[in-house]
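As structure tokens, the structure follows; a few thoughts come after it.
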Amino acid sequence: MNPDNYLFLSALLFTIGAFGVLIRRNAIVVFMCVELMLNAVNLTLVTFSRMHGDLTGQVIAFFTMVVAAAEVVVGLAIIVSVFRTRRSASVDDANLLKY
Amino acid sequence: MSVLTSLLAASPGDPTNPGGGLGGATSTVTNTFTAPHVEYRALMPMLVVFGAATVGILIEAFLPRTRRYWPQVGVSLAGVVVAFCFVVANHGMAETTAADAVSVDGVTLFLQGTILLLALLALLLVAERGTGLVDLDAFTAQGATTPGSGGERAADAAGLRTTEVFPLMLFSVGGMLLFPAANDLLTSFVALEVLSLPLYLLCGLARRRRLLSQEAAMKYFLLGAFSSAFFLYGVALLYGYAGSVRLSDIATAITSSPHSDVLVLAGVALLAVGLLFKVGAVPFHAWTPDVYQGAPTPITAFMAAATKVAAFGALLRITYVALPGLRWDWRPVLWGVAILTMLVGAILAITQRDIKRMLAYSAILNAGYILLGVISTTSKGVSSTLFYLAAYGFATIGAFAVVTLVRESVRGGSDSGDGGEEDSVTVGGEATDLSAWAGLGRRSPLLAACFTVFMLAFAGIPLTSGFTGKFALFTAAIDGGAWPLVIVGVIASAAAAFFYVRVIVLMYFSEPLREQGAGPIVVVPSPMTTVALTVTVALTIALGVLPQMALDLADKAAYFVQ
């Protein structure tokens with residue numbers, strides 16, 4: 001199968017993730033969309049790795065997974081503490097800081 | 001034949017699979033693995049800082065709560081000082097190490113030294129706990145408690161301290177040291193995350209106005225994660241284009257690769273999104289005022305100064321080492337970004353009523369100036385960028401240090417633990433509204449004088465570091481042919497002078513609010529903040545009056561290794 005198709009798929013997934021970040025209101029869902037973007041990048045990396053016949057891309061994908069895991073730890077801690085304070089995880093409700 | 005990655009295999013003369021064979025030769029990987037040669041001396045600054053951070057974690061784990069503060073302060077200050085000594089000892093080094101993942105050259109060393117000095121000053125602000133009379137701890141007693149809950153009051157009453165901030169800060173500093181040194185995009189990405197993740201947490205740990213602080217942390221985190229996803233997609237596309245993430249390989253591929261330019265242009269654009277977000281340049285600046293306002297002020301000082309240095313270091317290295325062949329494509333884009341950044345920063349700063357937000361827009365404005373140095377693509381541009389980053393960083397830390405000392409007074413308040421007892425007025429949170437700063441020069445001439453120095457430096461008045469720095473940047477930009485940008489820069493400076501001078505006028509020529517009974521109090525800090533403030537004032541003036549030594553140092557440091 002033509003590896004280009006995987007690139008198109010990953011670009012599509014990345015775009016879906018980016019749109020999700022922009023239009024979804026729940027912080028957890030926004031965060032999941034960021035994770036979708038990171039995983040779309042992983043697919044790109046692995047595809048390029050296959051096309052170049054070089055393992056760098058696959059190794060980077062592992063690094064990305066570790067970084068994403070660390071990001072989950074930090075992100076959920078922040079989102080949960082905001083939720084406990086406000087009883088809401090909506091990014092629209094967090095509107096004290098403006099102008 | 002080994003096709004282990006360039007990252008893992010030894011750099012010189014390693015038997016990589018030539019061409020690799022399109023379609024993947026991964027099934028025939030043998031297990032020959034040559035460990036890369038690591039020049040530990042070159043990596044020592046980062047290793048020391050990460051080591052100190054790890055020791056800090058162990059202190060958190062094994063010492064009882066009440067005895068953690070001084071060991072933490074000692075370990076973090078010592079770690080930063082020792083790392084700085086290693087940077088000084090490494091001067092003149094020009095090599096890549098750890099399988100070419102890290103390059104230690106003049107730019108790296110200058111920026112690492114700057115970051116470590118800034119981190120040292122910021123650590124002093126973070127370590128500020130007040131004197132016996134007033135409690136100036138900027139951090140919440142226990143981050144996990146809900147604001148306003150019984151748990152928070154109990155933690156406050158028990159006198160708990162959030163000492164986790166020290167290891168978190170050191171991890172962030174470690175990431176910042178690595179970011180401008182990263183010689184491949186994977187290392188860049190990892191460094192970017194290592195410097196960002198602790199900062200997200202630190203933003204949410206303010207003692208007062210915790211709702212704002214938590215909101216700032218959430219905004220910074222969501223937008224930061226969003227932008228780093230873009231950065232990573234840029235890395236992936238450049239990898240697809242060049243077949244390697246090493247900056248020098250990308251530079252070679254740009255001049256010789258037969259692949260289509262779409263990949264490399266899209267990759268560079270996405271990479272730029274991530275970097276420009278971190279420096280706070282205009283289309284990606286929206287987080288800056290909110291986060292700077294909501295975060296605890298010592299952390300704001302640290303972020304505003306050190307993150308900017310690290311991110312501009314990475315931007316310099318990527319544009320100068322990996323993308324010189326694409327200069328005619330990225331320069332016009334950065335032109336637009338620089339113009340927008342300077343204008344938006346200057347204009348929106350004028351409208352601000354909050355001192356921290358005003359300083360945030362001033363940070364955006366300064367990012368615009370520094371972009372001039374990046375755009376000029378000459379070694380003069382590099383050296384002026386280095387100098388300006390240092391000058392701007394010291395003035396920023398000093399300005400935020402002053403902000404931590406102007407406090408609201410709470411009548412008969414029970415808010416702060418052991419406030420001063422005069423007139424049963426206790427010290428509240430920071431008085432960040434500009435109106436509260438009226439007449440500060442009359443009540444506290446020394447503090448107002450310090451702040452005046454920083455404002456004049458930001459405005460670029462002669463005999464301050466800001467003037468020397470701007471002069472160097474603008475000269476370099478004209479040499480690089482970017483004179484329209486310099487015109488915009490001068491116009492923005494004129495607009496900016498208005499709001500900087502407005503604060504000075506407010507401090508010296510307005511009636512203080514105190515007469516109405518609700519004015520702010522200027523608190524006397526412990527020696528920590530005093531030292532930080534004195535050093536930043538001294539450096540800001542020294543870099544303005546006798547800049548030659550620092551300028552020479554920046555000139556000598558303006559070289560990259562491939």
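Because only heavy atoms are used, hydrogens play no part in the values below, and waters and symmetry mates are left out as well, while side chains stay in. Chain letters run A, B, ... following the sequence lines, proteins first, then strands; residues in each count from 1.
- Between chain B and the residues A/Thr85, A/Val34, A/Val82, the largest count of heavy-atom pairs under 4.5 Å involves A/Thr85.
- B/Gly148 approaches B/Arg153 most closely through the heavy-atom pair O-NH1, 3.3 Å.
- In terms of heavy-atom pairs under 4.5 angstrom with chain B, the leader among A/Glu35, A/Met37, A/Arg84, A/Glu71 is A/Glu71.
- Neither the backbone nor the side chain of A/Val66 comes within contact range of chain B, judged by heavy atoms closer than 4.5 Å.
- For B/Leu348, no part sits under 4.5 Å from any heavy atom of chain A, backbone or side chain.
- If you check the side chains of B/Asp249 and B/Thr252, you find no donor sitting under 3.5 Å from an acceptor.
- Both the backbone and the side chain of A/Ala18 come within less than 4.5 Å of a heavy atom of chain B.
- Heavy-atom distances place no part of A/Leu43 under 4.5 Å from chain B, backbone and side chain included.
- Proximity to chain B (any heavy atom under 4.5 Å) is shown, for A/Leu45, by both the backbone and the side chain.
- A salt bridge is defined here as a Lys NZ or Arg NE, NH1 or NH2 lying under 4.0 Å from an Asp or Glu carboxylate O, and B/Arg208 with B/Glu430 fails to meet this definition.
- Contact annotation for B/Phe230: both backbone and side-chain heavy atoms come within less than 4.5 Å of a heavy atom of chain A.
- Using a 4.5 Å cut-off between heavy atoms, A/Ala11 contacts chain B through both its backbone and its side chain.
- In terms of heavy atoms, A/Cys33 sits closest to A/Gly20 at SG-CA, 3.5 Å.
- Atom CZ of A/Arg86 is surrounded by more than 12 heavy atoms from other residues, nucleotides or ligands within 6.0 Å.
- Of the listed residues (A/Val74, A/Ile79, A/Val91, A/Thr64), the greatest number of heavy-atom pairs within a distance under 4.5 Å of chain B belongs to A/Val74.
- Counting heavy-atom pairs closer than 4.5 Å to chain B, the top residue among A/Val67, A/Leu38, A/Val73, A/Thr47 is A/Val67.
- Paired with B/Arg357 under the rule side chain to side chain donor-acceptor pair (under 3.5 Å), one option of B/Asp290, B/Thr288, B/Thr432, B/Thr351 passes, and it is B/Asp290.
- If you check the side chains of B/Thr146 and B/Glu152, you find no donor sitting under 3.5 Å from an acceptor.
- No other option in B/Leu201, B/Val190, B/Val291 has as many heavy-atom pairs under 4.5 Å with chain A as B/Leu201.
- When all heavy atoms of B/Ala266 and B/Leu237 are compared, the closest pair comes out as CB-CD1, 3.8 Å.
- Only the side chain of B/Phe221 comes within less than 4.5 Å of a heavy atom of chain A; its backbone N, CA, C and O stay farther away.
- Comparing B/Asp354, B/Leu232, B/Val235 by heavy-atom pairs within less than 4.5 Å of chain A, the highest count is held by B/Leu232.
- Note on ring orientation: taking the six-membered ring where Trp is involved, the planes of B/Tyr200 and B/Tyr220 are perpendicular (angle over 60°, cut-offs 30° and 60°).
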